[in-house]
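Everything below concerns the one structure shown next.
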Amino acid sequence: MSFSPSNAVRAARDETPAEARSMSEIAGAIRVGEPGSFAALGNAFLTRLPAAPVPDPYLVGLSREMAESLGFDPIVATGAESNEFAAYFAGNPTRDWPGELLPYAAVYSGHQFGVWAGQLGDGRALTLGEVSAGERLEVQLKGAGRTPYSRMGDGRAVLRSSIREFLCSEAMHHLGIPTTRALTVIGSDLPVRRETIETAAIVTRVSPSFVRFGHFEHFYANDRIDHLRTLADHVIDRFHPHCRDADDPYLALLGEAVRSTADLMAQWQGVGFCHGVMNTDNMSILGLTIDYGPFGFMDAFNAHHICNHSDTQGRYSYGRQPQVAYWNLFCLAQALVPLFGENLPEEGRAERVVEEAQKVMERYKDRFGPALVAKMRAKLGLGIERDGDDKLANGLFEIMHANRTDFTLTFRNLSKLSKSDASHDAPVRDLFLDRAAFDAWAAQYRERLAHEPRDDAARAEAMNRVNPKYVLRNHLAEQAIRRAAEKDFSEVERLLDVLRHPYDEQPHYEAYAGLPPNWASDLEVSCSS
Ligand code: AMP
Ligand code: MG
């Protein structure tokens, strides 16, 4: 079955005949410029403009869960409205945009590959506004045309990268990893030039905020401390109001970024996720995974894996991600310095401020290290804490690296090992070429498991809740993309369905949990998107 608009329409009609939200209701729920919103910060922060229309938009993928969370579900009841839905989320106005309701592109700057890049900004993203659905969520189109921040770019995104972003946003959410989300991907046959000619697509992204480290760097670099403060106040008021109770609310804000970023890194490392472009403009102030480009979930484990073909130096390799995040936090801290210690006496203020900021930065290591060890304990099924657990985990990573064993399968299959006898080791052991190395590690592991009160079944159950069976492997995304290029969107729909339950056994989807096929080793993912 292909996931064409008409199928979506039929499904929506079958499930929920009566209460479908019309497109005008959906559009009406997305409000721009409400008090307290990013848009209300004013013109120094953004430029308002309409999206550039695309010809004949069509629905490629839809996250019903996201739609539901936005209060958009049940959606689009009739054929005409389905077309309106695709048109609306392609950025083609289905109504006139009254001036004050125009969407906007935000300005930010950033460090790219360790070098100050100056002004960047939403070069191809337009935020439509906010939906209040319990939480206030911003709704943003990516790929909706040029903006004043497009520089040399065409303002577009291609179908390939849009499907990857759509699927991975939702997959990360279901893995329990903080992320921006995605509502839909809309395609158009509009040609887009990259290495070859591809076609355009627009992803609707959803997030409580799209504010990046680079937003703060922008106003710091331009010496607009007034705007810097406005932005920091916005983030504090909306997301961390308790920072107001701290001696220094802005230091407390940095502390929140340190904490959430450290936690995020432990989560990424724990599933073998590589972001690929950890520039400071791609770092969320809320510690969300943001800007899915040349990302990848590792198949064969390599501690130095580089998922981005354009990253020739391996700056953003798997093993370096936690360190790079720390470096990026320093850029953020630097940008926030003018706000620190406002209540301190002038005398000695600068020194005190640096001292205090350094203390906050130190917390990164105190947070990330234990968070990663806790993650590894859970992945190994260790319910109690013992000295040497980190060594045991590192020992596994070493032999995984030496044998290039599959990251996801190794951890998933580890739950099948028995505490007491080695005859059940095959599902993991067979992934290693060097069986002796695995046996030596497994002996230590079993020794450690002897201290665990849980039996094998209880341990396996707990492990399967933290070691996903299904992740968005490159070859899976590639298969969905190839079909979608032929206007068959069924694989996008199926993958989304598989990835909604990454920790469950889904026997009918067993093939999605397997090793990548040989052809997948040729897949390259670059910054081109
Ligand atoms: P990225 O590395 O994709 O996060 O993008 C870095 C910067 O380049 C951001 O300011 C993007 O908005 C901008 N950018 C990337 N691709 C395009 C494009 N095709 N058109 C306009 N701007 C783009
Ligand atoms: Mg970006």
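Position 1 is the first residue of the sequence; numbering continues from there. Start at 1 and go down the list; that is how both ligands and their atoms are numbered.
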Is [X] in contact with ligand 1, taking contact as a heavy-atom separation below 4.0 Å?
| X | value |
| --- | --- |
| Gln112 | yes |
| Met152 | no |
| Arg212 | no |

So, regarding [X] and ligand 1 (criterion: nitrogen or oxygen to nitrogen or oxygen, under 3.5 Å), is there a contact or not?
| X | result |
| --- | --- |
| Asp154 | yes |
| Arg156 | yes |
| Gly123 | yes |
| Ser529 | no |

Run the side chain to side chain donor-acceptor pair (under 3.5 Å) check on Thr280 and Glu217 step by step: do they pass?
CA-CA 9 Å; Thr280 57; Glu217 292 179 277; 2.6 Å; yes

Relative to the ring of [Y], is the ring of [X] parallel (under 30°), tilted (30 to 60°) or perpendicular (over 60°)?
| X | Y | answer |
| --- | --- | --- |
| Phe295 | Tyr292 | perpendicular |
| His275 | Trp268 | parallel |
| Tyr108 | His215 | tilted |
| Phe38 | Phe45 | perpendicular |

Give the atom numbers and elements of ligand 1 that come within less than 4.0 Å of a heavy atom of [X].
| X | result |
| --- | --- |
| Arg194 | 19 (N) |
| Leu120 | 10 (O) |
| Asp291 | 4 (O) |
| Gly153 | 18 (C), 20 (N), 21 (C) |
| Tyr108 | 9 (C), 10 (O) |

Which pairs of donor and acceptor atoms, one on a side chain in residues 115-122, lie under 3.5 Å apart (sequence neighbours left out)?
| from | atom 1 | to | atom 2 | distance (Å) |
| --- | --- | --- | --- | --- |
| Asp122 | OD2 | Ala106 | N | 2.7 |

Identify the protein heavy atom lying closest to [atom], giving its residue, its atom name and the separation to 0.1 Å.
| atom | result |
| --- | --- |
| atom 15 (C) of ligand 1 | Arg124 NE, 3.6 Å |
| atom 2 (O) of ligand 1 | Asn282 ND2, 4.0 Å |
| atom 10 (O) of ligand 1 | Gly121 O, 2.6 Å |
| atom 20 (N) of ligand 1 | Gly155 N, 2.8 Å |
| atom 7 (C) of ligand 1 | Arg151 NH2, 3.2 Å |
| atom 5 (O) of ligand 1 | Asp281 OD2, 4.7 Å |

Trp327 ring centre to Arg320 NZ or CZ under 6.0 Å, with the angle to the axis within 45°?
no

Starting from the C-alpha separation in whole Å, work towards a yes-or-no answer on side chain to side chain donor-acceptor pair (under 3.5 Å) for Lys375 and Gln269.
CA-CA 9 Å; Lys375 184 98 206 154; Gln269 301 306 98; over 6 Å; no

Please check if atom CD in Gln323 has more than 12 non-hydrogen atoms from other residues, nucleotides or ligands closer than 6.0 Å.
no

Near the Mg ion (ligand 2) (under 2.8 Å) - protein N, O or S atoms
Asn282 OD1, Asp291 OD2

Between the side chains of Ser528 and Glu195, does any donor sit under 3.5 Å from an acceptor?
yes

Assess the side chains of Gln334 and Tyr220: does a donor N or O sit below 3.5 Å from an acceptor N or O?
yes

May I ask you to decide whether [X] forms a salt bridge with [Y], counting only side-chain N to carboxylate O separations under 4.0 Å?
| X | Y | answer |
| --- | --- | --- |
| Lys487 | Asp189 | yes |
| Arg494 | Asp497 | no |
| Glu165 | Arg205 | yes |

Run Asn474 and Glu478 through side-chain contact (heavy atoms from CB on, under 4.5 Å) and show every step you take.
CA-CA 6 Å; Asn474 270 341; Glu478 183 65 21; 6.0 Å; no

